[in-house]
Structure formats: C-alpha cells, structure tokens
Amino acid sequence: MLDIENIRKDFPILSHRVYDKPLVYFDNGATTQKPRCVVEKIAYEYYNVNANIHRGVHFLSQEATEAHEEARKTVQRFIHARSSNEIVFTRGTTESINLVASSFTDACMAEGDEVIVSVMEHHSNIVPWQIQAAKKGIALRVIPMNEKGELLLDEYEKLFSEKTRLVSVTYVSNVLGTINPVKEMIRMAHEHGVPVLVDGAQSTPHMKVDVQDLDAEFYVFSGHKVYGPTGIGVLYGKEEWLDRLPPYQGGGEMIATVSFEKTVFNELPFKFEAGTPDYVGSTALAEALRYVERIGLDNIADYEQGLLSYATRKLQAIEGMRIFGNAAEKGAVISFLVGNIHHYDMGMLLDRLGIAVRTGHHCAQPLMHALGIEGTVRASFSFYNTEEEIDILVAGIERVRKMF
C-alpha cells in the first residue's frame with residue numbers, strides 16, 4: 001500500500017487552492033505535477049553545475065557532462081535498454097516521433113510505401129507521417145477498433161503488404177485508456193519483417209517498460225508526463241537501426257569533423273542531438289525517474305487500477321453518463337460525456353469547483369470521428385490522487401448535471 005498522505009507532501013501544488021477550493025488535479029494525461037526533489041534538482045543544477053557540456057575542459061563543464069551522461073544511463077536502466085548509446089534525448093514524444101518519421105522515411109521508404117498506425121493515435125503519431133506522405137508519397141494504413149475501444153488484431157494482420165515498412169502505434173490511448181497488446185503486435189510485425197515504433201507517452205508513467213522484452217525497434221516518451229520537467233523527452237532505438245538512419249538535424253554536437261567539402265557525423269547517440277542539449281532537463285528527468293522507482297512502478301500500477309475501478313463504478317451511477325473506452329486492459333483514464341452537456345461547459349463548471357479535467361478532442365480527432373462525437377471530458381489519474389478526490393469529482397458532475 002502506498003503512503004498517499006506522505007506522497008502528496010512531495011507535491012506542493014496539490015495543496016494549492018483554486019477559486020478558494022482545494023485543487024483536485026485530474027489532468028495527469030496532459031502533464032503530471034512535479035515532486036519537490038525534481039524542482040530542487042533543477043535549481044541545484046543552475047546554481048551549482050551550469051556549464052555547456054561535452055566540449056569544455058574546465059571543471060563545471062566536465063561535471064555537467066558527467067551528470068548529463070549519467071542521466072542517459074538512468075533512462076537506459078529505467079526502460080531496460082541494452083546500451084546508453086540507444087538513448088537519444090529529444091524535446092518530448094512529439095519530437096521523437098518526428099525524428100523517426102523524417103529519418104526513417106529518408107533512409108527506408110519510397111513512394112507508395114506504407115506505415116501502419118491505429119485509429120486511436122495522438123496527432124503526434126499521425127501528422128508527422130502525413131507530412132512525409134506529402135513529401136515522399138508514402139501512405140497510412142489504419143488499424144480499426146471494436147466498440148470497447150480495443151484494436152482488431154485480425155484486421156491489423158490484413159494491413160500488411162509488400163509495401164509495409166513500419167508500424168507506429170500507441171501503447172496506451174490517451175483518450176480511451178486502452179492498453180494495446182503491443183508485444184503481440186510487435187511479434188506479428190516482425191513475422192512480416194517490419195520494424196515497430198511504440199508511442200510510450202501514456203505507458204511509461206504508469207507501468208514497467210522493458211524495451212528489450214517488447215522488442216520494439218523504437219520507443220518514445222516525454223519527461224513531463226512522468227513527473228519530470230517539460231521540454232525533455234526520449235527516443236530509444238535499437239543501435240543497429242539508429243546507425244542506419246541519417247541525422248534529423250544538423251549543427252554542433254552531432255558532428256565528428258566538418259569541412260566545407262564534407263561532414264562526418266558523430267557516433268551514437270550524439271548523431272541525433274544537434275546543438276546544446278537540455279542538460280539541466282536531462283538530470284531533472286533522471287531525478288523524476290528515480291523518484292518513481294522509489295515508489296515502485298508495480299505499486300503505482302496497482303494503486304492507479306484501484307482508482308480506475310473506484311471512479312468507473314462511481315461515475316457509471318450518474319444519470320446520463322457515457323464512458324468511452326471499456327477495454328479489458330485499461331489504464332487510469334476515463335473519458336466521458338453526461339447527457340447533452342457539452343464537454344467544454346462541463347469542464348468550465350468543474351473548474352469553478354477546483355476540479356481540473358481536460359476537455360476537447362485530446363489531439364485525437366480521427367478517434368473522435370470514429371466515436372461519432374466532437375470531444376469528451378477526460379479525467380486521468382496519478383498515484384497522488386485519492387478516492388476522496390474522485391468523490392469530489394462525482395459530486396461536481398452531479399451538481400453540473402442538475403444545472404442543465
């Protein structure tokens with residue numbers, strides 16, 4: 001059992017008041033709050049170890065370089081990558097996917113080649129491929145889902161052809177909470193000789209991830225969704241694949257030698273890290289991952305599943321409640337509508353009660369079209385949330401419902 005009372009003390013913002021009401025924060029799918037140790041780590045780095053890394057011979061530069069590279073090793077251990085050379089720091093999930101989309105398309109795809117995605121993808125795993133489609137003439141094939149919000153693996157199998165070059169799929173839907181069977185999907189793709197990219201933005205904060213066990217060629221996630229700072233993220237890639245791909249951006253840091261006649265690119269992972277990296281963000285991300293490890297991802301998963309079960313039961317009792325996404329394997333996310341109340345109205349009125357939820361299409365408009373709706377209200381939970389807060393949410397929804 002988690003000591004939630006003490007855990008909440010690690011997050012000062014949770015004692016904040018909104019409109020003179022205690023803050024109830026259920027927007028963790030968008031970004032998580034930061035424990036005190038992460039914020040203190042950022043301050044410490046700027047006040048004590050701030051210097052540009054890798055090229056400096058002076059003490060501060062070497063100390064900052066060591067902290068940055070140790071952070072890379074922390075990420076490697078956290079997701080159980082084989083080597084720290086397979087860990088590329090980016091600005092987040094979106095940049096990581098854009099990097100793969102650009103570099104992979106340049107190296108491995110031609111006009112008419114295909115990428116398989118799913119109907120429940122975030123825009124960040126749709127738009128980068130559409131940009132490449134406009135540039136290179138590649139095409140998207142889309143995995144459909146059933147009424148529960150579960151991907152149809154039989155239909156997925158049928159999408160493979162001699163033109164399939166990559167599968168790019170989310171591990172956990174940011175709208176439905178569906179936990180996709182990505183390990184099985186990766187196995188199926190490999191039977192066709194096709195590599196796989198897994199969007200781990202919504203999985204990494206909530207469950208143990210072992211990239212070697214998954215066997216995906218690429219895995220991406222954002223720091224700010226796993227209790228770290230904004231503006232830092234990770235691309236994991238199998239070393240042999242990262243070696244094959246050309247750089248995404250050019251500039252300093254990612255080169256070995258430069259002349260006006262020729263540039264020789266740096267070794268992994270620096271080939272993909274042009275310019276001054278966010279060396280403070282990387283060390284703060286590592287601090288966040290260590291914090292999560294101290295709590296224990298198994299403990300987090302069990303506790304959040306308890307919150308999901310409790311919230312689902314309570315919300316289903318509300319008259320007019322429609323919950324979208326009822327997969328057998330589901331993360332701690334509930335998207336819903338109540339009667340004919342517009343999701344924006346519900347969100348605005350809940351906000352006046354101190355309750356933070358997300359409203360809209362959640363950067364998943366194709367999924368909304370498939371569901372036949374414009375948007376939902378989304379409550380997404382973390383290990384610092386409580387059943388008492390869920391009760392406040394339920395009471396708030398009932399209050400709004402009666403107003404309409």
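Sequence positions, counted from 1, serve as the residue numbers for this chain. This is a predicted model, so every value here is computed, not measured.
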Flag the pair [X] / [Y] as yes when at least one side-chain heavy-atom distance between them is below 4.5 Å, and no otherwise.
X    : Y    : result
L197 : Y219 : no
N180 : V172 : no
Y156 : P144 : no
F218 : V196 : no
M346 : I397 : yes

side-chain contact (heavy atoms from CB on, under 4.5 Å) evaluation trace for V169 with I186: CA-CA 10 Å; V169 66; I186 292 165; over 6 Å; no

When you compare the side chains of [X] and [Y], does any donor N or O come within less than 3.5 Å of an acceptor on the partner?
X    : Y    : value
E217 : H190 : yes
D351 : Y19  : yes
D10  : Y384 : no
S222 : T93  : yes
T376 : H343 : no
S380 : N28  : no
E374 : H361 : no
Y248 : N98  : no
E121 : S118 : yes

Of the non-hydrogen atoms in [X] and [Y], which two are nearest, and what is the gap between them?
X    : Y    : result
A327 : G149 : CB-O, 4.4 Å
N125 : S168 : OD1-OG, 2.6 Å
A379 : L393 : CB-CD2, 4.1 Å
Q305 : A332 : NE2-N, 4.5 Å
G331 : L308 : O-CD2, 3.3 Å
D278 : G231 : OD2-O, 3.8 Å

- Run the side chain to side chain donor-acceptor pair (under 3.5 Å) check on T32 and S382 step by step: do they pass? CA-CA 8 Å; T32 53; S382 167; over 6 Å; no

(message) Between Y25 and F381 (judged by ring centroids, cut-off 6.0 Å), do the two rings come close enough to count as a pair?
(response) no

If the plane angle is over 60° it's perpendicular, under 30° parallel, otherwise tilted; pick one for H68 and H54.
-> perpendicular

Would you check, one step at a time, whether the test salt bridge (charged side-chain N to carboxylate O under 4.0 Å, His left out) holds for R401 with E319? CA-CA 8 Å; R401 185 185 66 82; E319 182 180 338; 3.5 Å; yes

Carboxylate-amine/guanidinium proximity below 4.0 Å for [X] and [Y]:
X    : Y    : answer
R187 : E191 : yes
R165 : E114 : no
K136 : E111 : no

task = Please answer whether the main-chain N or O of G56 pairs with a side-chain N or O of S61 as donor and acceptor at a distance below 3.5 Å.
result = yes

- Task: May I ask you to decide if V100's main-chain N or O and S103's side chain share a donor-acceptor pair within less than 3.5 Å?
- Result: no

